[in-house]
Amino acid sequence: MRRYNPKDIEPKWQKIWQESGIYRAVDFDPSRPKYVMLTEFPYPSGSGMHIGHMREYTLGDIIARQKRMSGFNVLFPMGYDAFGLPTENYAIKTKIPPQQATEENTKNFQQQLESMGFSFDWSRSFKTSDPDYYKWTQWLFLRFFEAGMAYQEEVAVNWCPFCRTGLANEEVVNGRHERCDTLVEKKLLKQWMLRITDYADRLIDGLADVDYPDWIAQQQINWIGRSKGAEIKFSLETIKEEVSVFTTRPDTLFGATFIALSPEHPLVGEVTTKEQKKVVNAYVREAATKTELERQEAEAKDKTGVFSGSFAINPATGDKIPVWIADYILMGYGTGAIMGVPAHDERDFAFANKYDLPIKYVIEPEFSKAKPNEKTKEAIVAVLRNPKSQEVLMLDWGPRQDSYGGKLFIGGGKEGNEDVLSAARREITEETGYTDFELKAELPFIVHNHFYSNVKKADYYVHIHGLLFDLTSDQQIPTKLDAGEKNKFKLTWMPIGRATAEDAAHQYVFDSLMSPAPYTKEGLMTQSGKYNGLSSTLARDAIVEELSHKGLAKERINYRLRDWIFSRQRYWGEPIPIIHCPKHGPVAVADEDLPVILPSVADYLPSSDGSSPLARVKEWVNTTCPLCHLPAKRETDTMPNWAGSSWYYLRYYDPKNAHEFAAKDKLNYWGAVDLYLGGIEHITLHLLYSRFWHQFLFDQGLVPTPEPYLARRSQGIIQAADGSKMSKSKGNIVDPMEVIESGYGADSLRLAVAFLAPYNQTTPWSPESLGGTYRFLQRVWNLVEEYSAADGGNIDNLKLKQVMHRTIKKVSEDLLNMGYNTAVAALMECVNQLYLIKAKDNFSSSEWQWALESLIAMLAPFAPHIAEELYSSLGGEGSIHLQPWPGYDEKFIKSDSITIAVQINGKVRAQLIVPADADQATAQAAAMADPKVQSYLNQAQIIRSIYVKGKLLSLVTQKVVTN
RNA sequence: GCGGAUGUGGCGGAAUGGUAGACGCGCUAGCUUCAGGAGCUAGUGGGCAUUAUGCCCGUGGAGGUUCAAAUCCUCUCAUCCGCACCA
């Protein structure tokens, strides 16, 4: 008998598979449905494949193989995302051209991928840095340019001083460049931009038509950050210009007590008066030199700003309000200017407090809504504080039931012509007997709620005035309570920190009195002219509507997402195919002149002035204008890393096409990617960018489907054994190549990865699990090796049939749901069973032949090498990987008798073997005959019986009362 | 602060209303010896027992719904991820 040795069989089959081309996808196969299984292509770094790649490609490969066996025409392609910074930085250091380094790295990577036995169709492979490929990236860019979707703009870009390049917002993480961790600065540069914001709504709406996990869709929606609001114009007192602000709360317009402009706002110069010029200039200059991080860190600290010297007019009130410059206003969002409403916005509140700007409440909290025509009473909630002990007085009305009772502050209604203050004083003395106290604070707004009278067990709709009093002496007189109130509550002094009222309005009044805060939720309008009493949600639209007639406001939708900065001042990327003509401005390179080849350079270091190394290649830069043929200069910026990966999946459909990025009929045949598997780190940037490109191409009639990926899944991260992140510096990296070479082989590793945990779960790597999968494969190997030939005739073995059919069903269903780990468990269980059956059976029947072949077929997607080897040793023809996926028959899955549990009063007390189709009466009769059940039913009567066929019988009993 | 996820033995995990801990790792005992990253058999959540094997407890915590809850509901705690001065 041969021993299982992966080193003997794995390289052998890898070579045979490559030579026979069994994994090649066939264009236009009419006999089978197509299936595009896409895994994210790797960046070919010098360090090669890591365990994360390993998980992704193993999971993708298992699906690709099983789909192939299930009769699909599978396209499972692989390529390389080769442009990018690491290779270029390596070139700067070593002077080795990126082209060369990429070539070597790719070769190495491909060798590693092949040694894992992945079934990629290598005949369709390419690198994004191949001129044959980036020719089409450039061609597609020109379609954006022609459609006005690519434009140039002078923008303050995130500038990485280390990489000397501009960055997209998405590449800045916590104020640092995500790749090199350098602090990011702001720099004003003319940049190419793509109008992704035009597609913001489409990118949200399109999610409804694709199968992405909810959390991924949600994260994309949050990233786009759509918010509906209005743009409102404020006229300036001394200048003709108007300031437009963006707000999501036009209903708070009457409460706008100042205007604030971002330091980068174009009107800053004009609004600044002579007297303020010096201080404003200094402030603007300081803001400009702050890095992203410094501005972010300032968040925790005080808000800062300077007064411009001029005033604006609030269009709602006609009031003069000051115009400030403040760096908490971001130029990149909305209009770069806001109306400051301190009463209803946290940031404005903090700013107003610091600079002593007026706070005007125009929205009142509403804790319950009045019923139609309900009468309203004026009421008070008074907080009586003992300043010495720092305690407040509460009335304890006993346990809270429905809306009555519980711990409350002093409350009561206004009587007759009484004013609020005297009502409060009267209520305090009546209910508590205290007489000496002074008013400390009064809420500047009313709180709306129902008032639940404990005494009358009835409620009124009330306007609550909140007041805070400090006790000045302990003197108490007898309380004046009517009969209904007497002895219904007791007084308790509570420390301020622990005082909580069991009524939302009471609690809100208390909190606001103790520390004034803005009210940022919806409520009822007040101090807002004719809108008073309206709900803020309704007033919002009404105010915009009214102002819009005067041309002072319009509805506007704003996005957190900004247009995509598409320029990089680097060498190793696709040259942007534009020629700058003194006469015609930016002109597209003619389609037939593509690709614009990246010229070779001597030095890859970008210039410190913000231009790319390409700018130094004079003979390349100087060219002629395609329109007038006069001297002109090439664009020297290159495209970002994300460009090539935005459409690469389409190129797999027709990778060698020299006339089109892909032929129409091939695009139509392969259509959208059926399943796209990739890392969680790409669900916002890459996924959003490529969906944007695809949607644009769809609009241009260049692709047949509105979305690129029908379904997206993301594999979880594999952590180091201790649950920490794998990192080079910690030296806790698991190298897949080492595992293969150590003797376990690729099959054990693939199986261990599939078996580890649910595919989408982050989980630590346990090296010991390799021993488990290796032993399992060994058991499979030995089982098949011990079997010789089907010379024992056809002997029926029901048990064997049942085990196999059940396993086939389980594995097939699990794979459909990507339940890899449970599928592997089912295979292990199956093999355990086969050993048991074998021990009692004639191990050479034709049924065994079928069982072993089925087992190997199921194992094939997970462990392709051993499956192929055993298949051939069983005398199979061709490749196991092209054999049909085994089917199952329900009739062998059910068995005649089955074990059910008997529960008595909810506890499992016995197990019974009953016929599988036994009805309730039969099952119950069997249960009653069981001595164990009888012992529990002693002295009791069955009052209810629940039967779940094939699972359990649940009996509910009641003690029989004797005598 | 906003959004999302997760919580089950010593470990990875299984079970989506119906016998909690499948499968694997590790561990314990025994057998075996083509000494090999071996194999086989039995055991392995905690506690109390042991004449049987039985009883009690147990899925982050507290309540609830139900004949029955890891699973559904309410509250709460912890951990992780994404976003964050976004008006």
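Chain identifiers are assigned alphabetically (A, B, ...) following the order of the sequence lines, protein sequences preceding nucleic acid strands; residue numbering begins at 1 within each chain.
- B:G12: glycosidic angle beyond 90° from 0, hence anti.
- Atom OH of A:Tyr835 and atom P of B:U41 are 10 Å apart (whole Å).
- A:Tyr759 places its OH atom 15 Å from the P atom of B:G13, with the value rounded to the nearest Å.
- Listed nucleotides B:C55, B:G12, B:U19 differ in distance to A:Val908; the shortest reach to its side chain belongs to B:U19.
- More than 12 heavy-atom neighbours from other residues, nucleotides or ligands sit within 6.0 angstrom of CD1 on A:Ile943.
- Contacts of A:Thr684 with the nucleic acid, taken as non-hydrogen atoms under 4.0 Å apart, are absent.
- Note on A:Thr822: only backbone sugar-phosphate atoms sit closer than 4.0 angstrom, heavy atoms only; bases stay farther off.
- For the P atoms, the distance linking B:C25 with B:U74 amounts to 41 Å, nearest Å.
- Residue contacts shown for A:Arg226 are absent, as no nucleic acid heavy atom lies under 4.0 Å away.
- Closest contact between the side chain of A:Lys303 and the listed nucleotides B:G13, B:C40, B:C85 involves B:C85.
- Among the protein residues, A:Lys932 comes within range of the sugar-phosphate backbone only, with heavy atoms under 4.0 Å from sugar or phosphate atoms but none that close to a base.
- Within 3.5 Å, no donor on the side chain of A:Gln219 pairs with an acceptor on the base of B:G3, nor the reverse.
- As the counterpart of B:C27, B:G43 is assigned, both hydrogen-bonding distances of the Watson-Crick or G-U wobble pattern falling under 3.5 Å.
- For A:Thr763 and B:G13, the shortest distance from a side-chain N or O to OP1 or OP2 is below 4.0 Å.
- Nucleic acid contact for A:Leu756: sugar-phosphate only, since backbone atoms but no base atoms lie under 4.0 Å from a heavy atom of the residue.
- Between B:U32 and B:A69, the distance separating the two C1' atoms is 47 Å to the nearest Å.
- For the ring pair (Phe, Tyr, Trp, His ring centres under 6.0 Å) condition, the pairs that include at least one residue of residues 747-774 of chain A, sequence neighbours left out, are A:Tyr4-A:Tyr774, A:Tyr744-A:Tyr774.
- With both ends at atom C1', the span from B:A14 to B:A20 equals 9 Å, rounded to whole Å.
- Between B:A87 and A:Arg347, no contact under 4.0 Å exists linking OP1 or OP2 to a side-chain N or O.
- Within a 6.0 Å radius of NZ in A:Lys354, more than 12 heavy atoms belonging to other residues, nucleotides or ligands are found.
- The distance between atom CD1 of A:Ile680 and atom P of B:C81, rounded to the nearest whole Å, is 10 Å.
- Side-chain proximity of A:Asn821 to the nucleotides B:A38, B:A14, B:G18 is greatest for B:A14.
- Remark: B:G82 base-pairs with B:C2; criterion is Watson-Crick or G-U wobble with both hydrogen-bond distances under 3.5 Å.
- When the C1' atom is compared between B:A87 and B:U71, the two are found 43 Å apart, to the nearest whole Å.
- Between the C1' atom of B:G39 and the CG atom of A:Leu777 lies a distance of 16 Å, rounded to the nearest Å.
- Within 6.0 Å of CG in A:Asn817 there are more than 12 heavy atoms belonging to other residues, nucleotides or ligands.
- Taking the P atom of each, B:U16 and B:G7 are spaced 14 Å apart, rounded to whole Å.
- Within the 4.0 angstrom heavy-atom criterion, base atoms lie near A:Gln903.
- Considering only side-chain atoms of A:Ile946, the nucleotide from B:C23, B:C67, B:G3 that sits closest is B:C67.
- B:A84 atom P lies 19 Å from atom OH of A:Tyr328, rounded to whole Å.
- For A:Thr773 and A:Pro758, each mapped to the nucleotide of RNA chain B holding its nearest heavy atom, the one lying further toward the 5' end belongs to A:Pro758.
- Within the structure, every side-chain polar atom (N or O) of A:Arg3 is placed at least 4.0 Å from both OP1 and OP2 of B:A38.
- With a 6.0 Å cutoff to the six-membered ring centre and a 45° limit on the axis angle, A:Lys303 does not count as a cation-pi contact of A:Phe351.
- Residue-level contact check: A:Ser954 touches the bases, meaning some heavy atom is under 4.0 Å from a base atom.
- Note on A:Asp345 versus A:Arg347: salt bridge recorded, some NZ/NE/NH1/NH2 to OD/OE distance being below 4.0 Å.
- Geometrically, A:Arg779 engages A:Tyr835 in a cation-pi contact, judged by NZ or CZ lying under 6.0 Å from the ring centre and within 45° of the ring axis.
- For B:A62, the paired base is B:U74 (Watson-Crick or G-U wobble, both distances below 3.5 Å).
- Within the 4.0 angstrom heavy-atom criterion, only backbone atoms of the sugar-phosphate kind lie near A:Ser227; the bases stay farther away.
- For A:Glu768 and B:G26, the CD to C1' distance is 8 Å, given to the nearest whole Å.
- Closest to the A:Ala757 side chain, of the nucleotides B:A38, B:G13, B:A22, is B:G13.
- Using a 4.0 Å heavy-atom criterion, one finds that A:Tyr744 contacts the bases of the nucleic acid, with or without backbone contacts as well.
- Because its NZ or CZ atom is not both nearer than 6.0 Å to the ring centre of A:Trp781 and within 45° of the ring axis, A:Arg3 does not count as a cation-pi partner of that residue.
- Taking atom CG on A:Leu952 and atom C1' on B:G17, their separation rounds to 11 Å, with Å as the unit.
- Backbone-only contact: A:Tyr936 has heavy atoms under 4.0 Å from sugar-phosphate atoms and none from a base.
- Counting any heavy atom pair closer than 4.0 Å across all strands shown, A:Asp348 reaches no nucleic acid atom.
- With hydrogens and angles left out, the side chain of A:Arg562 and the base of B:C86 share a donor-acceptor pair within 3.5 Å.
- Separation of the C1' atoms belonging to B:G21 and B:A70 is 11 Å when rounded to the nearest angstrom.
- In this structure, the nucleotide among B:G4, B:U19, B:A87 sitting nearest to the side chain of A:Trp215 is B:G4.
- Close to B:C25, at under 4.0 Å from its OP1 or OP2, lies a side-chain N or O of A:Arg775.
- If you find the closest nucleotide of RNA chain B to A:Asn782 and to A:Asn558, the one lying nearer the 5' end belongs to A:Asn782.
- Between the P atom of B:C86 and the CD1 atom of A:Ile557 lies a distance of 19 Å, rounded to the nearest Å.
- Ion pairing between A:Arg540 and A:Glu522 holds under the 4.0 Å rule for side-chain N and carboxylate O.
- Counting any heavy atom pair closer than 4.0 Å across all strands shown, A:Val948 reaches a base atom.
- Residue A:Tyr212 places none of its side-chain N or O atoms closer than 4.0 Å to OP1 or OP2 of B:G4.
- Note on A:Lys838 versus A:Glu786: salt bridge recorded, some NZ/NE/NH1/NH2 to OD/OE distance being below 4.0 Å.
- With both ends at atom P, the span from B:G12 to B:A22 equals 15 Å, rounded to whole Å.
- Across the P atoms, B:G24 and B:U44 are found 15 Å apart, a figure rounded to whole Å.
- Considering only side-chain atoms of A:Ala825, the nucleotide from B:G18, B:A22, B:A14 that sits closest is B:A22.
- When heavy atoms are screened at a 4.0 angstrom cut-off, A:Gln761 is found touching the sugar-phosphate backbone but no base atom.
- Within the structure, a side-chain polar atom (N or O) of A:Lys907 is placed less than 4.0 Å from OP1 or OP2 of B:C57.
- Distances from the side chain of A:Asn832 to the nucleotides B:G13, B:C55, B:C23 place B:C23 closest.
- With distances taken from any side-chain atom of A:Thr899 to the nucleotides B:C67, B:U19, B:A38, the minimum falls on B:U19.
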